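I have placed the structure first, in the form of structure tokens, so that the comments after it can refer back to it.
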Amino acid sequence: MAEEFNTDGMLDMYLFENEQLLEQLQEMVLDQRDADCFDEDSINEIFRTMHTIKGSSGIMMFDNITAISHKLEDVFYFLRESHPENVPHVELVAHVLDVADFITNEMDKIREGDPADGDASEMIAELDKFLDTLKNGAQEGGVEPPPENKHEEPKQFYIAPVATSASRFYKIYISFFPETEMANVHAYKTVYALKEIAEDLLYSPEDIISDESSADIILQDGFRILLQAQATEEEIRNIIGVGYDIEKVGVFECKAEEFLQGFDFGDEEQDVQIDLDSSVEEIETKAAEEEKKKEQPAAKPQVAPGDYVIKSKEPGKHKKLARNKSKAEKTSYISVDVAKMNQLMDLIGELVISESVVLQNQDLKVPGLNLDSFNKAAAQLSKVSTDLQNVIMSMRMVPLTNTFQKMNRIVFDVSRKLGKDIEFEMIGDQTEVDKNIVEQISDPLMHLVRNAVDHGIETNEERLDSGKPDKGKVTLSARTEAGKVWICVEDNGKGLERDKILAKARKQGLLDENKPDSAYKDKEVYQFITLPGFSTNEQITEYSGRGVGMDVVVQNIQSIGGTLDIESAPGMGSTMSLKIPLTLAIIDGIVMETGTSSFVLETGVIKEFFRVKEDMMFQEPNGDEYIMIRGECYPVLRLGRWYGLEEYQESVENGIMLILEVEDRKVCVFVDRLIGEQEIVVKPIPSYIKKVKGLSGCTQLGDGSIALILDPGGLVDEA
């Protein structure tokens, strides 16, 4: 009985698989949201997805998920069988996404240990109404409706044989990919799916639920099924399907007598052949050789799932399994808990610090000490350590595809509610970023995309009056450049209104009263919209107007060492660009000292080191310092004076100047001395320390001292 099964060990697999299925479903639906209708492949794929979720949810006894997925399956069953015309496509897309949202929310409850108690009755009623509309339209067009797609709750998983003249008998062989986890659960899902059409159903191995060792047997020998049903081979293959878990499915029909013989899937006996051409001596010699071969026990070859396929049936012979030829190696994957990956990354960071402690140990600086062998070993250690970092960081890199698809969904939902016709385009969604970075940018991107749809794109009437194309467009793009990733949200709307922003800023006291509006650059003006409580929307809507959102965007981006750049052209649209690091864990940095304090700057932002003379410096009356280098003027920030340190160099001739460049903005930073370049493990500044401008983190150096990591963007802003 289903109630007697222990589902605890299956829950993680259930959540993981259905999450993957729902992501693929949403991506597929959003890709075809602007089409006239779903193509045949998509209809079949959505039907199979709902069928799989229905089956696995039934096994896990999540009745509300089973019911809603079965109802959506009914809709696509009708579409697949009847091919009705004039299907309201946008409404159908909305229904599919609503069902996906409901199932996702229920899975979130399950993941948190709460009961899946959502009420799906209203959505089921809406789907029933939608399905009735489709059926009535089909009947008016003279289309005969297909048989009802019935679903019965499982009570017993061996169906008593009730053979009729229409019954057909099949032997089924299923091969799973070698890396498939919990193959017994996958096998059970197949049995559960087939039981709806089965008159008689047997499978081997039998105890696939309570016996976990059956998973290894299934991976090695395959999963075998005997099926009696009134179904065609194609219908059986459609129910079983081939996905990321099932590699091959062999289905071949047999006679009732062969069905009753059980799981004898071996080759048929070879036909007896009589040699009429050879002499008696030759025949006797061949017979003797055959006897010798029989006496020698032959080593049994290792059989792996998928090594056998069904050969074509020849006249007068049964179908039989045949050995496949060698095939290319397939990439294997394994699922790992993210917490373990984070722990491994922390250990790699500690390894890098320990390596620095060893290589910079004071005991190695004894004069006359021969360190040739040590240096060779140290070089090998450094190489292995670097390779290890690269491998671990590559394991943490994930594509932005799923994050971008979520934005696609936001554009679809918000544009429908606002009555705007908007096209969404994704560019570079395969760009890979550290998983922790992806989690941090999801909310900022949501705000930017929502603002582009609400603030940026005009209504259909406004676009028509201004002579623009009827359809607005939001483009989300990503690219990598010099260890950074650029993510841009671009729209072809009305753009930002400079005068309106300036008027609001002056009203809130954000502008210098002695500075005219014309003295403010466009980028300076546009940055006002990122301040807390700043909004030019006169009416508060569901999506904007409260003055929150953009300040959250900036805070989240700055927390991971990123920046936000805003560009806009009146009447043409706006572009919001996020510049963020590829990873947060380990960076290449330059260690420097000012006074008795150590600082670190990321190597990529430092454009030049140079010594300066006093006559190259000049000072303004307000105290700001500048330096002329090759005819170009740069602002100067003295690190010791800026942070109020002790014992730092006052004379620029006794220190060294660094030119930093961030987003085409440059600043010169003066420090006492450079220590060298090394790999830096980024650690957050402790929460009990007040936020300090120009700092983004800290790290431990090889001698055990603490160095502060400078934020180049913050330094440029303050200069």
Side-chain angles (χ1 to χ4, degrees), residues 2-3 5 7 10-30 33 38 42-81 87-136 146 148-155 189 192-193 195-196 239 405-406 409-410 412-413 416-417:
E3 290 81 359
F5 294 139
T7 59
M10 301 159 59
L11 185 59
D12 289 341
M13 184 59 66
Y14 167 82
L15 295 172
F16 173 76
E17 288 187 348
N18 283 357
E19 183 179 8
Q20 301 297 313
L21 288 172
L22 290 172
E23 286 180 358
Q24 295 167 10
L25 172 68
Q26 181 165 281
E27 180 178 355
M28 182 197 316
V29 171
L30 290 174
R33 66 175 186 173
F38 287 117
S42 297
I43 291 174
N44 290 331
E45 187 63 32
I46 296 172
F47 174 82
R48 283 194 293 266
T49 298
M50 287 298 107
H51 188 82
T52 301
I53 293 176
K54 178 191 73 173
S56 58
S57 301
I59 294 171
M60 302 300 295
M61 293 171 284
F62 299 132
D63 296 335
N64 56 349
I65 300 179
T66 304
I68 190 69
S69 55
H70 178 65
K71 185 54 62 178
L72 186 59
E73 180 194 9
D74 283 344
V75 174
F76 281 88
Y77 175 77
F78 180 81
L79 295 175
R80 188 182 71 170
E81 300 297 328
V87 176
H89 182 65
V90 175
E91 186 179 351
L92 178 58
V93 168
H95 281 310
V96 176
L97 294 177
D98 288 342
V99 171
D101 286 344
F102 177 84
I103 298 175
T104 300
N105 290 336
E106 295 304 291
M107 288 170 53
D108 289 340
K109 293 180 185 177
I110 296 168
R111 193 175 283 108
E112 296 296 326
D114 299 326
D117 54 2
D119 185 6
S121 57
E122 185 176 343
M123 295 180 64
I124 292 175
E126 292 177 358
L127 287 171
D128 273 329
K129 184 178 179 181
F130 181 78
L131 184 56
D132 288 340
T133 303
L134 294 180
K135 289 180 177 179
N136 293 334
E148 187 178 354
N149 182 28
K150 293 183 178 180
H151 170 71
E152 297 178 0
E153 291 300 323
K155 293 184 178 180
K189 286 166 58 178
Y192 183 82
K195 87 140 196 58
E196 294 191 7
I239 290 175
Q405 282 296 343
K406 292 177 183 176
R409 176 66 188 280
I410 289 173
F412 176 77
D413 289 341
R416 282 184 65 230
K417 291 182 179 179

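For clarity, every value in this text was computed on a predicted model and none was experimentally measured.
- I65 has its side chain within reach of I110: a pair of non-hydrogen atoms, C-beta onward, lies under 4.5 Å apart.
- Electrostatic pairing of D413 and R409 counts as a salt bridge here, judged by a charged N lying under 4.0 Å from a carboxylate O.
- Inter-residue side-chain proximity for F38 and V87 is flagged as unmet; no heavy-atom pair is nearer than 4.5 Å.
- With M50 as the partner, the side chain to side chain contact (heavy atoms under 4.5 Å, CB included) test is satisfied by one option alone out of L21, L72, V75: L72.
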task = In sequence, state the C-alpha distance, the side-chain angles, and the governing distance for V90 and R416, and then conclude on side-chain contact (heavy atoms from CB on, under 4.5 Å).
result = CA-CA 10 Å; V90 175; R416 282 184 65 230; 4.1 Å; yes
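- Contact record, Q26 with Q405: NE2-O, 4.2 Å, taken as the closest heavy-atom pair.
- A distance-only check finds a donor-acceptor pair linking the side chain of N64 to the backbone of G118 [under 3.5 Å].
- The two residues S57 and N18 make their nearest non-hydrogen contact at OG-ND2, 4.3 Å.
- A distance of 4.5 Å separates CG of L22 from OG1 of T104, quoted to the nearest 0.5 Å.
- Side-chain atoms of E45 and R48, non-hydrogen and from C-beta on, do get closer than 4.5 Å to each other.
- A cation-pi arrangement, defined by a distance under 6.0 Å to the six-membered ring centre and an angle within 45 degrees of its axis, is absent between R33 and F412.
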query = When you look at F47 and L79, which way does the side-chain contact (heavy atoms from CB on, under 4.5 Å) test go after all the steps?
reply = CA-CA 9 Å; F47 174 82; L79 295 175; over 6 Å; no
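- Within the model, atoms CG of L97 and CG of D101 stand 6.5 Å from one another, a figure rounded to the nearest 0.5 Å.
- Under the ring pair (Phe, Tyr, Trp, His ring centres under 6.0 Å) criterion, the residue pairs touching residues 103-131 are H95-F130, with sequence neighbours excluded.
- Rounded to the nearest 0.5 Å, atoms CD1 (I103) and NZ (K54) are 12.5 Å apart.
- The pair D74-K71 counts as a salt bridge, with a side-chain nitrogen and a carboxylate oxygen less than 4.0 angstrom apart.
- The residue from D63, V99, I53 that alone fulfils the side chain to side chain contact (heavy atoms under 4.5 Å, CB included) condition with I68 is V99.
- Residues F78 and L134 are in side-chain contact: their nearest non-hydrogen atoms beyond the backbone lie under 4.5 Å apart.
- Of the inter-residue distances, the one linking I124 atom CD1 with E122 atom CD reads 11.0 Å to the nearest 0.5 angstrom.
- Note that OG1 of T52 is 9.0 Å distant from CD of E73, once rounded to the nearest 0.5 Å.
- Checking side-chain atoms of S56 against main-chain N and O of Y14 turns up no donor-acceptor pair under 3.5 Å.
- The line from CE of M107 to CG of L15 is 5.0 Å long, rounded to the nearest 0.5 Å.
- One finds a salt bridge joining D108 and R111 here, because a Lys/Arg side-chain nitrogen approaches an Asp/Glu carboxylate oxygen to under 4.0 Å.
- The pair E106-K109 meets the salt-bridge criterion, with a side-chain N (NZ, NE, NH1 or NH2) lying under 4.0 Å from an Asp/Glu carboxylate O.
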